[in-house]
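Whatever order the structure lists ligands and atoms in, that order sets their numbers, starting from 1. For this chain, numbers begin at 1 and follow the sequence in order.
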Amino acid sequence: MQTVKVKPGSSQRNWRTDRNYDIKVCPGLLEKAGILLKELGFSGKTVIITDSTVNKLYGSSLLHFLLSNGFDSSILQIPTGEEQKSLETATKLYIDLNNLKCERTTPIIALGGGVIGDLSGFVAATYMRGVPLVQIPTTLLAQCDSSIGGKVAVNHSGLKNLVGTFYHPRLTICDTDTLKTLSKREFNDGLAEVIKYGIILDKEFFVYLENSISQIHSLDNTALETIVNRSAAIKAGIVGKDEYDLGLRNILNYGHTIGHAIESSSRMTVWHGEAVAIGMVTEAKIAMRLGLLSESEVKRIVALLKEVGLPTEVPNVDQDQLIKAMQRDKKVVQGRIKFALPRGIGAADLT
Ligand SMILES: NC(=O)c1ccc[n+]([C@@H]2O[C@H](COP(=O)([O-])OP(=O)(O)OC[C@H]3O[C@@H](n4cnc5c(N)ncnc54)[C@H](O)[C@@H]3O)[C@@H](O)[C@H]2O)c1
Ligand SMILES: [Zn+2]
């Protein structure tokens, strides 16, 4: 089992060590959930929040592993889908938690992808002014990205993540076996963010990915553990230094300025990771024009994304709409579109 230590805000002067927590990464880890929770001092009631798809796959096993360790656990199931990241669903969950007589010490266990993580995290942060949260992410995106960093939110008024806060879990359990039931498209979509970490922060990891795509695609246990562990460590490192997105954390937006615009102007037919892959290529070309990246480095980025099976070219979307979407981006400062650009493979600049 690999352990990543997360130390939110550790570079700040008033760093509070009580928010530190571990991300545990290993195949078959779901089985250890009860033991890991007991080790943290939890006992008694726990509530699992999950969606209908993940519940069918892993709900009853997790429940069994908790009950057999003496926990009094229940499952709250919501439908699958981004639409559930809403105040309406959060409200239903508050009512259910209250009916289950959950107290301030009752941990909420988020079992699922990024939607479940963001929504359950938001509910955990606000129910009774905050109850303990345990994340059990089950998509590659959730294990490598969305469950790390404490951003929890729901969508509102047609805007993504409009209402939210920062709230860290007490523990994150990444069972890499759960990645084996993802569709190939879903898995590849998550790989875009993994490749992003290599490009902007870790050349050695980028080279590992170049050499290991076949093992990753054949869902080899060691390869899965390596990519999740390395990605989690990289993101945790950034979050440790810039918890509230005030500077350094913005480099994680590489590929996202153009990516978000492609995602929204394709009316979501291009998925997030796919759009980020296209965004990373386009932004790499911008970096090349600015002399930050060589032509051969751009070619390596394109080759890796292609080998994974991710798109690399801007799809046939309305160009005006694309530019308008970029101008509406959160990262536009005083009318200027800001980019996080690679400076060689393994480093990045905010431009
Ligand atoms: N908080 C953050 O920092 C952050 C960062 C990036 C993305 N996000 C959010 O994450 C969400 C996207 O997350 P996602 O891509 O994980 O999507 P998701 O949670 O919708 O999951 C995708 C699909 O996979 C299914 N699924 C989950 N685990 C599975 C498994 N092991 N096997 C088979 N199917 C499984 C789900 O039921 C769902 O249908 C978005 O709402 C996005 O805003 C948050
Ligand atoms: Zn992303």
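- Of the N or O atoms in Val115, one or more lie within a sub-3.5 Å distance of an N or O in ligand 1.
- Those atoms of ligand 1 with a heavy atom of Thr80 less than 4.0 angstrom away are 37 (O), 38 (C), 39 (O).
- Looking only at heavy atoms of the protein, atom 12 (C) of ligand 1 is closest to Leu141 CD2, 3.7 Å.
- Near Asp51, meaning under 4.0 Å from one of its heavy atoms, ligand 1 places the atoms 36 (C), 37 (O).
- For atom 27 (C) of ligand 1, the nearest non-hydrogen atom from the set Thr139, Asn55, Leu119 belongs to Thr139.
- Each of the atoms 40 (C), 41 (O), 42 (C), 43 (O) of ligand 1 lies under 4.0 Å from some heavy atom of Lys160.
- Proximity to Tyr58 (heavy-atom distance under 4.0 Å) selects the following atoms of ligand 1: 31 (N).
- Listed by chain and number, the protein atoms of type N/O/S under 2.8 Å from the Zn ion (ligand 2) are Glu193 OE2, His256 NE2, His272 NE2; waters are omitted.
- Of all the atoms in ligand 1, the ones that sit under 4.0 Å from a non-hydrogen atom of Thr138 are 27 (C), 28 (N), 29 (C), 30 (C), 31 (N).
- Using modelled atom types, one finds a donor on one side chain and an acceptor on the other under 3.5 Å when comparing Glu297 with Ser294.
- Proximity to Thr181 (heavy-atom distance under 4.0 Å) selects the following atoms of ligand 1: 30 (C), 31 (N), 32 (N), 33 (C).
- The atoms of ligand 1 that sit less than 4.0 Å from any heavy atom of Glu186 are 15 (O), 22 (C), 23 (C), 24 (O).
- Here the shortest heavy-atom distance to atom 10 (O) of ligand 1, taken over Gly114, Gly149, Gly190, belongs to Gly114.
- If you check each of Asp118, Ile148, Val54, Ile116 against atom 26 (N) of ligand 1, the one with the closest non-hydrogen atom is Val54.
- Here atom 31 (N) of ligand 1 lies nearest to Thr178 when heavy atoms of Leu57, Thr178, Asp175 are compared.
- Which parts of ligand 1 touch Glu82 is read off a 4.0 Å heavy-atom cut-off, strictly below it: atoms 40 (C), 41 (O).
- Under the 30°/60° scheme for interplanar angles, the aromatic rings of Tyr208 and Phe205 are found to lie parallel.
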